Amino acid sequence: MGDIKVRGKKEDEDEKAEVEIWNYVFGHVKIAVVKCAIELGIADAIDKHGSPMTLSQLTTTLKCEPPRLYRILRFLVHYQILKEEPVTQDSIGFALTPLSRRLIRHGERSMAALILLESSPVMLAPWHSLSARVLDSGNSPFETAHGKDVWSYAEENPGHSKLIDEAMACDARVAVRALIEGCPRVFDGIKSLVDVGGGNGTALSMLVKAFPWMHGINFDLPHVVAVAPKVDGIEYVGGDMFECVPKADAAFFMWVLHDWDDEECIQILKKCREAIPQDKGKVIIVESVLEEDENDKLEFVGLMLDMVMMAHTNKGKERTLKEWKYVLGEAGFTRINVKPIHAVQSIIEAYI
C-alpha cells in the first residue's frame, strides 16, 4: 500500500512538472505581452472610456490591426488581466480587472513604469550573464552588458535615468501609502526628514503632505535632483551619500540600501549616524526583510528582487533580519524595530 502511495505521488509530481516546465520555456512571453499592452495603452483606453470596449472600439481608438489586437486581448483575458463582458445582446466588450488597473499609466496604484523599466532592453540584457556572475567575482552582469555600472549608465543616459525615477515613484506610491496608513507613529516627533536617494521626490512629497509638520530634504545625486519636480516644504540637495548626508532629525531610505554590499551599507549608515541627533535621531528603512514571515504572500517578491540585485548591481542583495542587524550594528545603531506593512517592504527603525 505504501509503494502505491509513493508511486501515485511521484506520478502527480511528474504530471505537474510536465505542465509547469512550459512556464519556464515561455516565461518571457507574459511580461512581453503586458509590456505591449502598456505601450499600446489598452488599460488607459478602457479606463478613459468608462465602460467595457468592443474589439472594434479598441481598434479605432488605439489604431491597431484588428486580428493582431484580438490575439493580444485573448491572451490578457486568459490570464485574467482583462475580462470579457457583454456590451449588447450581440457583442462582447473587454473590461478592466483589479490587475489591469495597475497597468494604467497614471493610475493611483499603477505599476506600469516599473514593468517598463524591468522589461526594457537595458535591464533585460544583464540577465544573459547571470551564470557567469555566479561562477566568478568579475564584473556585474550589468557592467558586462553595458560597460559601466547602472548608476554611471543612468547619469550618461537621461532617458534611462527618467525611467528609473518613474519606476521607483510608482512603487513609492504603493509602499508609502501603506506606511502612512499602517505605521503613522513612525514619524511622531520628527521635524525634519532627509530622504537619502530620494529620486524624483515622490515618496518624500507624500510623507510631507501626510505629516505637514515635517521639513523634507530630498537628497540624491546632482543630476537626479536637478530634474526632480519642486514641491513646497521640500529642500533639494545634490551630493554623494558615501561622503556626507544632510543633517535632519531622521534619515529615510526606500529601496536604496539593497543596491549595496554590507561594507558599503555600513559606510552609508555611518554618514547617516553623523547627520542625525545622537539622543533622539533614527534611521527609517523601507526594504524587504527575507525569511521574516513564512505566511507573507509577497515573500516571493523579495526572492525575485534578490535576483534582480545580482543582475543589476555590483554587490547589492536583499537581506534577512539577521543581516540587517549586522550592518546596522556595525554602523553604530543599537536598537532596531521591524514592522510589517501591506507592501513588499517592511519598516525598519534603527536608533543610535
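Note that the structure is a prediction, hence the values are computed from the model and not measured.
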Find out if a path of hydrophobic residues (ILVMFWY) with successive side-chain heavy-atom gaps under 4.5 Å connects [X] to [Y].
{"X": "V25", "Y": "Y79", "result": "yes"}
{"X": "L221", "Y": "M241", "result": "no"}
{"X": "L328", "Y": "V196", "result": "yes"}
{"X": "F300", "Y": "L99", "result": "yes"}
{"X": "M310", "Y": "L290", "result": "no"}

- Give me the ring orientation class for F26 and H28: parallel if the planes are under 30° apart, tilted from 30 to 60°, perpendicular past 60°.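 F26 and H28: tilted rings.
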- Query: Which word best sums up how the rings of H146 and F142 line up, parallel for under 30°, tilted for 30 to 60°, or perpendicular for over 60°?
  - Reply: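 Correct class here is tilted.
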- Quick one: list whatever passes salt bridge (Lys or Arg N to Asp or Glu O under 4.0 Å) with E349, sequence neighbours left out. K282, K339
Flag the pair [X] and [Y] as a salt bridge only when some basic side-chain nitrogen lies within less than 4.0 angstrom of an acidic carboxylate oxygen.
{"X": "K315", "Y": "E263", "result": "no"}
{"X": "K317", "Y": "E323", "result": "yes"}
{"X": "D165", "Y": "K162", "result": "no"}
{"X": "R101", "Y": "D47", "result": "yes"}

Using only atom types and a distance under 3.5 Å, with no angle test, would you say the side chain of [X] pairs donor to acceptor with the backbone of [Y]?
{"X": "D195", "Y": "N218", "answer": "no"}
{"X": "S129", "Y": "A132", "answer": "no"}
{"X": "K247", "Y": "E274", "answer": "yes"}
{"X": "R102", "Y": "P98", "answer": "yes"}
{"X": "S100", "Y": "I81", "answer": "yes"}
{"X": "N157", "Y": "H160", "answer": "no"}
{"X": "K35", "Y": "L116", "answer": "no"}
{"X": "W213", "Y": "V208", "answer": "no"}

- Query: Does any donor atom in the side chain of D171 or Q345 lie under 3.5 Å from an acceptor atom in the other side chain?
  - Reply: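 Yes, Q345 and D171 have a side-chain donor paired with an acceptor closer than 3.5 Å.
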- Message: For I336 and V338: C-alpha separation, side-chain torsions, deciding distance, then whether side-chain contact (heavy atoms from CB on, under 4.5 Å) applies.
- Response: CA-CA 7 Å; I336 299 168; V338 179; 4.2 Å; yes
- Item | Residues that Y70 engages under ring-ring contact (aromatic ring centres under 6.0 Å, His included), provided they are two or more places apart |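 In terms of ring-ring contact (aromatic ring centres under 6.0 Å, His included), with neighbours along the sequence ignored, Y70 is linked to no residue.
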Set of side-chain hydrogen bond (donor to acceptor under 3.5 Å, both in side chains) partners for [X], sequence neighbours left out:
{"X": "T60", "answer": "none"}
{"X": "S91", "answer": "T88"}
{"X": "Q267", "answer": "none"}
{"X": "E85", "answer": "K83"}

Can you tell if the side chain of [X] reaches within under 4.5 Å of the side chain of [Y], non-hydrogen atoms only?
{"X": "V289", "Y": "T320", "answer": "no"}
{"X": "M168", "Y": "L114", "answer": "yes"}
{"X": "T97", "Y": "Q80", "answer": "no"}
{"X": "S140", "Y": "H312", "answer": "no"}
{"X": "I352", "Y": "R273", "answer": "yes"}
{"X": "E318", "Y": "E287", "answer": "yes"}
{"X": "L117", "Y": "E166", "answer": "no"}
{"X": "V186", "Y": "N337", "answer": "no"}

State which residues pass side-chain contact (heavy atoms from CB on, under 4.5 Å) with [X]; sequence neighbours excluded, sorted by chain then number.
{"X": "E84", "result": "V77, I92, F94"}
{"X": "D259", "result": "W151, M309, T313"}
{"X": "V237", "result": "I217, F219, E235, P246"}
{"X": "S110", "result": "A112"}

Distance-minimising heavy-atom pair for [X] and [Y]:
{"X": "G189", "Y": "D249", "answer": "O-OD2, 4.2 Å"}
{"X": "R105", "Y": "E39", "answer": "NH2-CA, 4.0 Å"}
{"X": "L62", "Y": "A45", "answer": "CD2-CB, 3.9 Å"}
{"X": "K148", "Y": "E156", "answer": "CE-OE1, 3.2 Å"}
{"X": "A331", "Y": "L269", "answer": "CB-CB, 3.5 Å"}
{"X": "A178", "Y": "A343", "answer": "CB-CB, 4.2 Å"}

If I take atom [atom1] from residue [X] and atom [atom2] from residue [Y], how far apart are they, to the nearest 0.5 angstrom?
{"X": "I234", "Y": "M214", "atom1": "CD1", "atom2": "CE", "answer": "9.0 Å"}
{"X": "M307", "Y": "M304", "atom1": "CE", "atom2": "CE", "answer": "10.5 Å"}
{"X": "C272", "Y": "I284", "atom1": "SG", "atom2": "CD1", "answer": "11.0 Å"}

- Chi angles and distances behind the side-chain contact (heavy atoms from CB on, under 4.5 Å) call for I268, W260: CA-CA 9 Å; I268 295 166; W260 309 96; 3.9 Å; yes
- Task: Answer yes or no on whether K230 is positioned over the face of Y236, meaning its NZ or CZ is under 6.0 Å from the six-membered ring centre and within 45° of the axis.
- Result: yes
- Task: Please test F252 against I285 for side-chain contact (heavy atoms from CB on, under 4.5 Å), starting from the C-alpha separation and ending with a verdict.
- Result: CA-CA 6 Å; F252 180 84; I285 301 168; over 6 Å; no
- Task: Provide the full list of ring-ring contact (aromatic ring centres under 6.0 Å, His included) pairs with a residue in residues 320-352, sequence neighbours left out, each pair given once.
- Result: none
- Task: With sequence neighbours excluded, give me every ring-ring contact (aromatic ring centres under 6.0 Å, His included) pair touching residues 181-202.
- Result: F187-F211
- Is there a side-chain contact (heavy atoms from CB on, under 4.5 Å) between L321 and I348 once you walk through the steps? CA-CA 9 Å; L321 180 56; I348 304 170; 5.9 Å; no
